[in-house]
Amino acid sequence: MKYRFIAFHTMTRGSEKPSYVVDSARLLAETGARVMVLDGLMYEQGTVPHRIFQTLGAAPVLEDGKNLYDLICDYETLCAGRDFPGAECNRSVLEQLGFPVTRRYRGGLLPDVCGRVSPLPNREKIAFLPGSNGNVVEV
């Protein structure tokens, strides 16, 4: 499977970046691509979910554990002092994870990004992973 990544980045507020992101996702999905929108804003609830609702008429479900911040926290838990999480983790480490879905990769365990995304109710080709659930004050 071939993957392509498109990144939008600007430090300027009011640059309409969420509009570009959601419109691009819609256009890519309409051409048959499967799209995952990953919002990297972890310190507050961004406007991407609101823009998704305005543009696509679907509100992404924002669940605890299904966000980028928790994914990074789970990766740190899996590493537990190692450079790369080993293929076998003891049960107590796995119980500390914020979200249970992991995948094996090159002899190790990683949190599974695709297991955390929230598919949009009326757009089967678009899924969303927020930066946080809105309660992370400091990162």
Test log, rule side-chain contact (heavy atoms from CB on, under 4.5 Å), inputs V37 and V21: CA-CA 8 Å; V37 176; V21 169; 3.7 Å; yes

Donor-acceptor pair, T55 side chain versus I52 backbone, under 3.5 Å? no

Ignoring hydrogens, what is the shortest heavy-atom contact between A59 and P121? Give both atom names and the distance. O-CD, 4.0 Å

Side-chain heavy atoms of V117 within contact of K66, under 4.5 Å: no

Min side-chain heavy-atom separation L120-P60 under 4.5 Å: yes

As a quick check of understanding, evaluate side-chain contact (heavy atoms from CB on, under 4.5 Å) for V93 and T77, giving each step before the final call. CA-CA 7 Å; V93 170; T77 300; 4.2 Å; yes

Atom OH of Y105 and atom CG of D112: how far apart are they, to the nearest 0.5 Å? 13.0 Å

From R4 atom CZ to L28 atom CG, the distance as rounded to the nearest 0.5 Å: 9.5 Å

Which heavy-atom pair separates G57 from N122 by the least distance, and what is that distance? O-ND2, 3.8 Å

Give a yes or no on whether the backbone of F99 and the side-chain of D74 come within a donor-acceptor separation of less than 3.5 Å. yes

Ignoring hydrogens, what is the shortest heavy-atom contact between E16 and R51? Give both atom names and the distance. OE1-NH2, 3.6 Å

Hey, does P49 have a side-chain heavy atom less than 4.5 Å from the side chain of F53? no

Output the distance between atom CZ (R116) and atom SG (C114), rounded to the nearest 0.5 Å. 11.5 Å

Short side-chain to backbone donor-acceptor contact, K125 and G32, under 3.5 Å: yes

Do the side chains of Y20 and L56 join up, straight or via other hydrophobic residues, at under 4.5 Å, putting them in one cluster? yes

Separation of N67 CG from F128 CZ (nearest 0.5 Å): 9.5 Å

Say whether, by atom type as modelled, one donor and one acceptor occur between the side chain of R34 and the main chain of I126 under 3.5 angstrom. no

Atom CD in Q96, atom CG in L78: separation rounded to 0.5 Å? 9.5 Å

For the CG atom of L38 and the CG atom of L129, what is their distance to the nearest 0.5 Å? 4.5 Å

Between V113 and M36, does the side-chain contact (heavy atoms from CB on, under 4.5 Å) criterion hold? Intermediate values first, please. CA-CA 10 Å; V113 178; M36 177 174 63; 3.7 Å; yes

Taking every heavy atom of A29 against every heavy atom of V35, the minimum-distance pair comes out as N-CG2, 4.0 Å

D70 (side chain) donor-acceptor with G65 (main chain) under 3.5 angstrom: yes

Tell me whether L27 shares a hydrophobic cluster with V22, the cluster being built from Ile, Leu, Val, Met, Phe, Trp, Tyr side chains joined at under 4.5 Å. no

